[in-house]
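What follows is one structure encoded as structure tokens, with my remarks underneath.
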Number of protein chains: 2
Amino acid sequence: MSGPVTIRDVARAADVSPATVSRTFVRPEKVDAVTRERVLSAAARLDYRPNRAAQSLITGLTGNIGIVVPDLTNPFFPSVVRGIQSRAEELGYPVLLVDTGEDAARESELVTRLGRQVDGLVLCAARMSDEDLLSHRQQRPLVLINREVPGVPAVTFDNAAGIAQEVMHLKALGHVRIGYVAGPGTSYSSRVRQGAVTTHLAAAALTEVAVGSFAPSFDGGRSAAEKVLLANVTAVMVYNDVMALGLINQLAQYGVSVPNDLTVVGYDDIEFAAMANPALTTVRVPREEAGALAMSYLNALMTATGPAPEPPAQLKTEFIFRGTSVRVPLTGALAE
Amino acid sequence: MSGPVTIRDVARAADVSPATVSRTFVRPEKVDAVTRERVLSAAARLDYRPNRAAQSLITGLTGNIGIVVPDLTNPFFPSVVRGIQSRAEELGYPVLLVDTGEDAARESELVTRLGRQVDGLVLCAARMSDEDLLSHRQQRPLVLINREVPGVPAVTFDNAAGIAQEVMHLKALGHVRIGYVAGPGTSYSSRVRQGAVTTHLAAAALTEVAVGSFAPSFDGGRSAAEKVLLANVTAVMVYNDVMALGLINQLAQYGVSVPNDLTVVGYDDIEFAAMANPALTTVRVPREEAGALAMSYLNALMTATGPAPEPPAQLKTEFIFRGTSVRVPLTGALAE
DNA sequence: TACATTGATAATAACGTTTTCATAGCGAGC
DNA sequence: GCTCGCTATGAAAACGTTATTATCAATGTA
């Protein structure tokens, strides 16, 4: 009476059985048009909202989806989350978010816990092992962003193309010896990018100078500064923008000015890449789009009546030429 | 048999009734120690997990909490979310996150929708009206961050103190005519800070020059540049760090260098404030701590058997002297 | 000895849906 | 005209918990 309005109240108001009310919402085509109208208007009049818990109890579905990110304070992820979220909202899914703090073991455990609360998951840049990932995949629909594991649907970025564009850019600017500051070897995309760098530098007949692996943070970039200075190169490619910004910052401490003394290119195009001074030359990866696409896939998987889901998608990257890369100082023929 | 293990399976295994199993988890003190042990071990052996939906159905509680933020890509919020989340996790609450896209009307609607899925809410920098806020408060426990409404529990920052510190700092550096670049008038904390600026500048016998209101974004800060230049001041206080960074960036376009030609101070101490070059003088507000505290309050409200929740908390800010503020060029007595 | 009192457990009734399964009505085909 | 099949609906049985009430033994009290 006093409590929230139930399906029974609507049934009474529309003079039908509760079953018919339920059908009206779940399988509208199964109920006569005029009855349907009657039920709908009664429901609207009473402001009826189905009780999720009761639905869940019987269907076994929660109606929620989950997002897992390694570190929300890393500027890469909020955009991804936003992309997922806005698409999820369109589709009517509330979103459970979890931040694993970059801890692979914790990540796996949190996914297990979260798994019971959601009908599907989007895992961003998952740190856990392939095996763990595959075992979670057994449990419920899951799509990956920025990580590939055979047999698991994923949205990735065309990093090879992005790196290729940067290499071409540096070659066009006349650089020959090029340093690469890698991210952590444990990171999937770090390994992918490292591979692409080696491949494309070689293909362009340029010399790769490995500077080493560092944490994918501002401080990680900073700590690469000394080795960069010792590498005797005119240009450095850095695993990501945050590190590139850190590197540039520390380089300034050494009195080395970018781009005058050294060309630096980043990766990701985080918001602050454009805001830095000088603005960072980088490769844009469409993060929000990736999130939205992943959510669309997930939805397809979850509502899959039919057979296979679509193949993994690889999103195009875009090279962004800004202020931290310049033509190598003119020497020889041109300079004479 | 095949499906997930239910309370009934545990009851059978422990040779007690389902009711006793339930009690073992809900009110352990109500069941005999030896029985309890038997139930617990049976539950562990079978890897029993209570079905949330069934629990929800009868208790009317979801066990989830919700977070609402205006814009996740604003670097202020991820830290807050992280603070809430990590505390929530300790307390055993999964977290539903929603990003309102800075839209007050949407915000209110989303809170309504989200409200049905959670037992309590943390609203960060809520944009909606006091009335809407109060009406949502009727529905379920709710705590605010960075917004005050009489009668609603909140975690805020001691902005007056933060502003006072900045004013003192500028005075100590010898500045007299000081510009203030305000945030949007519709924002609660913008109004609060504006008020504090006026008060403390006056108290310090300094001259306030209002530069105008701008969007609280990098571009917002940029668009303030012309007016700042026309204000004929030696120092500018800016509503927040993102704007301050934008302002400095645009100033550079005008050939005005910070801090040599102009002192700029921000607010918030976002990550990039320290990373910028020169690093931004600002006021740190403990965002992660605020999130955690808000979550603790919320938990107290939700589990409140007793009477009133604790009073709203105001967190201390910390002045951070970095590179964008310098002593005003020496003139007069000292310079002769 | 009889009778409250307490403590531990069991039985059972919700909670609000969805989903068989059954049934009534009704037009079509033979 | 009788059955067949199809559509629209209702009745009732789940789903897995928690909360309420009842039962029963043990203990304390008069």
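In what follows, every chain begins at residue 1, and chains take the letters A, B, ... in the order their sequences are listed.
B/Arg8 comes within 4.0 angstrom of a nucleotide base, judged by non-hydrogen atoms across all strands.
C/dA10 atom C1' lies 16 Å from atom CZ of B/Arg12, rounded to whole Å. When rounded to the nearest whole Å, the span between CZ of A/Arg52 and C1' of C/dC15 equals 17 Å. Distance A/Asp9 CG to C/dG16 P: 9 Å, rounded to the nearest Å. A straight line from CD1 of B/Ile58 to P of C/dT17 spans 15 Å, rounded to a whole angstrom. For B/Ile7 and C/dA10, the CD1 to C1' distance is 13 Å, given to the nearest whole Å. The interatomic distance linking B/Leu61 (CG) with C/dC15 (P) rounds to 16 Å, in whole Å.
In the model, B/Ser296 has a side-chain atom that pairs as donor or acceptor with a side-chain atom of B/Arg87 under 3.5 Å.
The residues B/Asp130 and B/Arg147 are annotated as salt-bridged, a charged nitrogen and a carboxylate oxygen being separated by less than 4.0 angstrom. Taking the charged nitrogens against the carboxylate oxygens, A/Glu271 and A/Arg287 do have a contact shorter than 4.0 Å, which makes a salt bridge. Ion pair B/Arg106/B/Glu109 not flagged as a salt bridge, since none of the NZ, NE, NH1 or NH2 atoms sits closer than 4.0 Å to an Asp/Glu carboxylate oxygen.
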Could you give the side-chain donor-acceptor pairs of residues 42-54 of chain A under 3.5 Å, partners two or more places apart or in another chain?
{"from": "A/Asp47", "atom 1": "OD1", "to": "A/Arg49", "atom 2": "NE", "distance (Å)": "3.3"}
{"from": "A/Asp47", "atom 1": "OD1", "to": "A/Arg49", "atom 2": "NH2", "distance (Å)": "2.9"}
{"from": "A/Asn51", "atom 1": "OD1", "to": "A/Ala53", "atom 2": "N", "distance (Å)": "2.7"}
{"from": "A/Asn51", "atom 1": "OD1", "to": "A/Ala54", "atom 2": "N", "distance (Å)": "3.0"}
{"from": "A/Arg52", "atom 1": "NH1", "to": "A/Thr62", "atom 2": "O", "distance (Å)": "3.3"}

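Considering only the side chain of B/Gln55, D/dT17 comes nearest among D/dA19, D/dT17, C/dT18. The side chain of B/Asn51 has D/dG16 as its nearest neighbour among D/dG16, C/dT18, D/dT18.
Near DNA chain D, defined here as any heavy-atom distance below 4.0 Å, the residues from residues 17-48 of chain B are B/Ala19, B/Ser22, B/Val26, B/Arg27, B/Tyr48, listed numerically.
Two residues are said to be in side-chain contact when any heavy atoms from C-beta on lie closer than 4.5 Å; A/Thr112 and A/His136 meet this criterion.
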